[in-house]
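A, B, ... follow the sequence lines: proteins, then strands. Residue 1 opens every chain.
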Amino acid sequence: MRVLVIEDEATLRQELHTHLAAAGYNVDLAADGEEGLYLGREYPVDVAVVDLGLPRLDGLEVIRRWRGAGRAFPVLVLTARGRWQDKVEGLEAGGDDYLVKPFHVEELLARLRALVRRSAGWGGGQMICGPVVLDPREQRVSRDGAAVDLTSYEYRVLHYLMLHAGEVVSKTELTEHVYAEDADRDSNVLEVLIGRVRRKLDPERTLDPIETLRGRGYRFRLARAGS
Amino acid sequence: MTPTASSRRPSIGTRLAVALGITLALFLAVVALALERAFEEESLALVRERHEALLYMLLAPAEPDETGRLRLPDDLPEPRLSIPGSGLYAMVTDGAGDPVWRSRSTLGADAAPVPRPAVAGTIVFAPGDDRIASALLVRWEGSDGRDTDYVFEVQEEAGGFDARSARFRRHLWYWLAGLAVIALLVQTLTLRWALAPLRRVTREVAAIEAGERQALSTDLPRELTPLADAMNALIDAGRRRIERSRNALADLAHSLKTPLAVLRSSAASVADRSLASTLDEQVDRIDRAVDYQLQRAAASGRQALSPPVDVARVAARLCDAMRKVHATRGLDIALAAPGDCRFRADEGDLTELVGNLLDNACKWARRAVRVRIALVPPQATTGEDAAVPPDLVIEVEDDGPGFGAAPAVLLRRGGRADERADGQGIGLAVVDEIVRDLYDGSLLLTRGALGGALVRARLPGTPARSPRLDPQ
């Protein structure tokens with residue numbers, strides 16, 4: 001998952017980076033509105049955290065311009081004041097949820113997870129596709145009730161594919177959302193990762209949850225349940 | 001202006017009309033009296049001149065006959081003296097008062113006694129009620145050298161004179177009445193014209209209150225320009241002050257909350273769990289105190305000349321926002337409000353009020369949240385009085401667990417607000433502050449028809465403390 005954080009306070013920005021990275025996100029950071037606007041417009045962002053009081057370009061304006069440019073990723077608005085007018089304006093500008101500073105990190109992570117799931121058409125709680133259950137809160141995966149042990153990158157790949165279950169996800173898209181910007185983008189690495197996820201999730205090869213569409217990408221083919 | 005105020009203080013228009021009306025009436029009465037007096041004096045002077053001429057006319061042909069008695073010709077140049085009962089009489093009496101000669105007109109008419117002049121050659125003029133008389137004393141030297149006194153008299157019936165006076169008076173009063181009507185008309189138009197700028201200012205103030213104008217226009221008469229300028233400055237200063245203080249609060253919030261966010265975020269990574277939890281608790285306390293005080297400070301209360309706010313629109317925006325935030329919970333948030341729901345209050349205050357109530361309701365609701373907004377006649381008045389603005393009633397209800405036993409505790413205010421247990425948070429305290437302290441309203445926490453919490457806030461349309469201006 002790729003999260004964009006626009007926050008002008010350097011310490012808080014770094015704190016957010018640390019916590020979000022620990023929670024398995026690829027984090028893009030921006031210190032002002034202009035930079036944030038650019039990153040959100042040019043990068044494949046899954047979810048954004050936008051502080052309203054930003055230098056150079058107001059947070060509301062950043063969100064408005066993203067929406068104007070057709071960028072539909074969910075946005076969590078951070079506001080210093082608990083004023084309802086600020087919250088309403090943030091949501092009306094195109095924000096999807098708000099959080100008042102100072103927030104608990106767990107709360108922020110929970111809101112982000114909910115937003116990502118919601119934007120992909122998932123309901124709350126666990127993500128269930130056939131016998132495969134993914135708990136984004138705990139970052140745990142199970143099949144038929146038995147836990148499946150995945151590495152961080154394997155989990156990210158599966159999470160992204162399940163989030164978009166039924167849809168075709170290109171290799172480029174998957175790479176961009178799973179790896180940090182500066183990571184090695186060799187497509188072989190991704191193929192190896194997919195292969196490992198397939199083996200761990202479906203050792204007997206009876207389920208075949210991830211299909212390869214030659215030249216187009218991958219698709220998680222098990223139907224969603226309870227969405 | 002309220003009805004009581006208008007009965008206590010007459011309007012400027014009434015004052016001017018009354019003063020000018022009284023002046024006009026006095027002026028016309030004095031003019032009428034003066035003219036009447038002048039006319040009467042002038043008329044009498046004319047009569048007197050005519051009498052003098054008549055007397056000399058009688059005197060000219062008078063000659064003593066051979067017996068020494070004074071003789072006058074029967075035919076005189078004044079025909080009225082020859083016609084009996086013509087109303088003009090002449091006679092001559094001797095020194096003893098015995099008549100020497102009478103004009104023919106005296107036939108059948110009584111002669112009234114006339115005061116005799118004391119000095120020869122002088123004329124006595126005696127305007128009486130019935131007759132106007134003049135008498136001339138003549139000392140005649142006879143051929144025997146003895147002097148004989150004769151009194152020449154002219155008398156005139158006063159009726160003709162009175163009739164002329166009456167006619168004049170009637171005409172005079174007709175004219176003056178006509179003049180009064182014209183003057184009143186002119187006065188009304190003048191008042192209207194002179195007071196037009198004041199009426200315009202009143203209209204503009206109403207327009208500012210209605211949110212249709214930002215300031216008073218300044219192309220006014222010289223007397224009103226300083227007032228309009230001062231008003232504009234006041235309105236502007238008020239708006240600026242609120243905006244500046246709100247901006248200052250926003251800055252303060254930002255500069256306080258961001259470090260708190262850093263602290264809290266860092267606390268999450270502290271290895272020592274007891275230290276982390278202490279840090280977290282303290283951050284919580286600071287946060288709640290700051291939050292409560294900031295929200296209190298941001299609430300401005302009703303401002304004079306603030307335009308009415310569309311409460312339904314405010315509530316609709318908040319409902320939309322809450323639907324978006326709670327999208328995955330499938331909450332049924334319904335708003336019921338009348339079409340025209342404008343109420344004189346600060347938009348920020350109303351947003352905080354409804355927002356906090358709605359947030360609580362959404363937090364606790366299982367499936368349904370109901371928001372009802374209504375404008376109702378004030379409690380104090382009876383019947384439909386269009387002049388009294390209605391009260392605003394806001395109800396927010398949910399189907400959650402409700403308030404439990406003692407909702408009053410939730411409203412306890414003061415310095416301990418920051419130490420209140422989480423849950424209802426500072427939201428209700430802020431609502432309470434806005435409703436009861438800033439708007440003199442009432443707040444009721446109870447159990448609603450849905451089985452959950454129901455909060456009813458009632459804001460009076462006109463609190464006694466903040467006077468409002470009305471167009472008329």
Student: Please collect all salt bridge (charged side-chain N to carboxylate O under 4.0 Å, His left out) contacts where either partner lies in residues 4-14 of chain A, sequence neighbours excluded, each pair once.
Tutor: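 Counting only pairs at least two positions apart or across chains, the salt bridge (charged side-chain N to carboxylate O under 4.0 Å, His left out) contacts touching residues 4-14 of chain A are A/E7-A/K101.
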Student: Based on non-hydrogen pairs under 4.5 Å, which of B/L294, B/D291, B/L318 is most in contact with chain A?
Tutor: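 With the most close heavy-atom pairs to chain A, the winner is B/L318.
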Student: Inspect the surroundings of CZ in B/R239 and state if more than 12 heavy atoms from other residues, nucleotides or ligands are less than 6.0 Å away.
Tutor: yes
Student: If I measure from the heavy atoms of chain A, does B/D320 come under 4.5 Å with its side chain, its backbone, both, or neither?
Tutor: neither
Student: Of the listed residues (B/L256, B/L260, B/I286, B/V354), which shares the most heavy-atom pairs with chain A below a 4.5 Å separation?
Tutor: B/L260
Student: Within a radius of less than 6.0 Å around CG of A/D149, do more than 12 heavy atoms belonging to other residues, nucleotides or ligands occur?
Tutor: no
Student: Residues of residues 345-352 of chain B under 4.5 Å from chain A (heavy atom pairs)?
Tutor: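 Answer by number: B/E347, B/G348, B/T351, B/E352.
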Student: Counting neighbours of CD on B/E243 that are heavy atoms of other residues, nucleotides or ligands and sit closer than 6.0 Å, is the number greater than 12?
Tutor: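 No, because the 6.0 Å sphere around CD of B/E243 holds 12 heavy atoms or fewer from other groups.
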Student: Can a donor-acceptor pair be found, under 3.5 Å and without considering hydrogens, that links the side chain of B/K257 to the backbone of A/V100?
Tutor: no
Student: Which residues satisfy the salt bridge (charged side-chain N to carboxylate O under 4.0 Å, His left out) test with A/E173, sequence neighbours excluded?
Tutor: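 Applying salt bridge (charged side-chain N to carboxylate O under 4.0 Å, His left out) to A/E173 gives none.
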Student: Check whether B/L249 gets within reach of chain A through its side chain, its backbone, both or neither, counting any heavy atom under 4.5 Å.
Tutor: both
Student: Might you confirm whether atom CZ of A/R140 has over 12 heavy atoms from other residues, nucleotides or ligands at distances under 6.0 Å?
Tutor: no
Student: What residue, out of A/Q14, A/E106, A/E92, A/K87, has the most heavy-atom pairs lying under 4.5 Å from chain B?
Tutor: A/E92
Student: How far apart are the C-alpha atoms of B/L353 and A/W84, what are their side-chain angles, what is the distance that settles it, and do they pass the side-chain contact (heavy atoms from CB on, under 4.5 Å) test?
Tutor: CA-CA 9 Å; B/L353 167 54; A/W84 281 95; over 6 Å; no
Student: Against chain B, work out which of A/H19, A/R111, A/H104, A/Q85 has the most heavy-atom pairs shorter than 4.5 Å and name it.
Tutor: A/H104
Student: May I have the step-by-step check of side-chain contact (heavy atoms from CB on, under 4.5 Å) for B/R264 and A/E15, ending in yes or no?
Tutor: CA-CA 10 Å; B/R264 179 168 274 168; A/E15 279 290 335; over 6 Å; no
Student: Which heavy atom in B/V283 sits nearest to a heavy atom in A/P102, and how many Å separate them?
Tutor: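 The answer is CG1-CG, 4.1 Å.
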Student: Quick check: under 4.5 Å, non-hydrogen atoms only, which of residues 47-58 of chain A neighbour chain B?
Tutor: A/D51, A/G53
